[in-house]
Amino acid sequence: MKEFSSRREFLRAAALAGAGLALSNRLAGASIKSVLVFTKSSGFEHAVVKRVDGKPSIMDDAVTDLGNKHGFKVSVTKDGRIFDSKEFHSYAGVVFFTTGDLTTMGTDGKPPMSPKGKQTLLDAVRDGMGFVGVHAASDTFHTLPDPEDRSNRYVAHGDQEDPYLRMLGAEFITHGREPRLQDANLIVNDPKFPGLEGVTSPVSFNEEWYSLKDFMPDLHVILTLETDGMKGECYRRAPYPVMWTRMHGKGHVFYTAMGDRPENWKNEFFLNSLAGGMRWGIGDAGAQVDVNLKKAAPRYAEIPPKFPEKK
């Protein structure tokens, strides 16, 4: 240990050390993490991700606001070529609100991902990039074949499921028709997850509720949907997960089935839970994410009956 010849020298050294520490903290704070929001629609294009007259979409603005509030930078794109660029690897996390086979141009006419780009995404998440899927992210890269009658979506594919969906944690089957939107109760399985502090179970919420299947067995379930009393064949099943986390290699994966209704992008409960998932995804928030699928949703593997054919 260095000795100081006088009290004045000691105080001067202490002051310099304090200044250096403050500068170090400021420099560390200046290293803001970046998140990529990807909203290409190769299938149905939802209103919340549609850009009108070149203006940012509802989701673009909402997630940008969350970034400003919680201290991360947001970039938004519909261009699938981003996954073949060096820029892609600079992001701490990626948020998907997408539909269909993203390696095809599809509905919105925006450049698709390449097959290599899809693999780059999966590898990046496995190696530690955060992934957040919102609503239609589970209506993306359906396990093939995916015929027009959607019959293959009612089959449990297990290990044969598309690798993107296995990374995400489950696959969209269908949603209600009459009514398409309905109130339902959400059971809070993890009230300590970031963004859910102070939330009491159950939570009543109005949404286009996705019926999902092929849940990965290692899910940490945050919310389950209480199906009792809901209208529609697709909800004739036991409660099942609609918000969860899982680890994909080193990568933090978060999914929420909410997000269809434009009004919900101003809803505090939804936005707080989404921000919590994003913060956990990029490592800015901690959480206990032990596997609890069988406890939270013991009959999670049930597949609902198909809607009757229209006459």
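This one's a predicted model, so the numbers in the text were calculated from it and none came from an experiment.
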**Student:** Closer than 3.5 angstrom, by distance alone: can the side chain of N292 be matched with the main-chain N or O of K295 as a donor-acceptor pair?
**Tutor:** no

**Student:** Check this for me, if you would: do R180 and D260 make a salt bridge, where the nitrogen-to-carboxylate-oxygen distance has to be below 4.0 angstrom?
**Tutor:** yes

**Student:** Less than 4.0 angstrom from a charged side-chain N to a carboxylate O is my criterion; do R166 and D214 meet it?
**Tutor:** no

**Student:** About how many Å separate CD of E171 and OH of Y210, when rounded to the nearest 0.5 Å?
**Tutor:** 12.0 Å

**Student:** Would you check if there is a donor-acceptor pair between the side chains of T174 and R153 at a distance under 3.5 Å?
**Tutor:** no

**Student:** Could you tell me which residues satisfy side-chain contact (heavy atoms from CB on, under 4.5 Å) with P305, sequence neighbours excluded, listed by chain and number?
**Tutor:** E233, R236

**Student:** Quick test of your reading of the model: are D162 and K118 salt-bridged, counting only N-O distances below 4.0 Å?
**Tutor:** yes

**Student:** If the condition is ring pair (Phe, Tyr, Trp, His ring centres under 6.0 Å), which residues does Y154 pass it with, not counting sequence neighbours?
**Tutor:** none

**Student:** Is the F38 to F97 ring centre distance short of 6.0 Å?
**Tutor:** no

**Student:** Between D65 and K266, does any side-chain N to carboxylate O distance fall below 4.0 Å?
**Tutor:** no

**Student:** Between K110 and D108, is there a salt bridge with N-O shorter than 4.0 Å?
**Tutor:** no

**Student:** What heavy-atom pair brings A275 and L66 nearest, and what distance separates the two atoms?
**Tutor:** CB-CD2, 4.1 Å

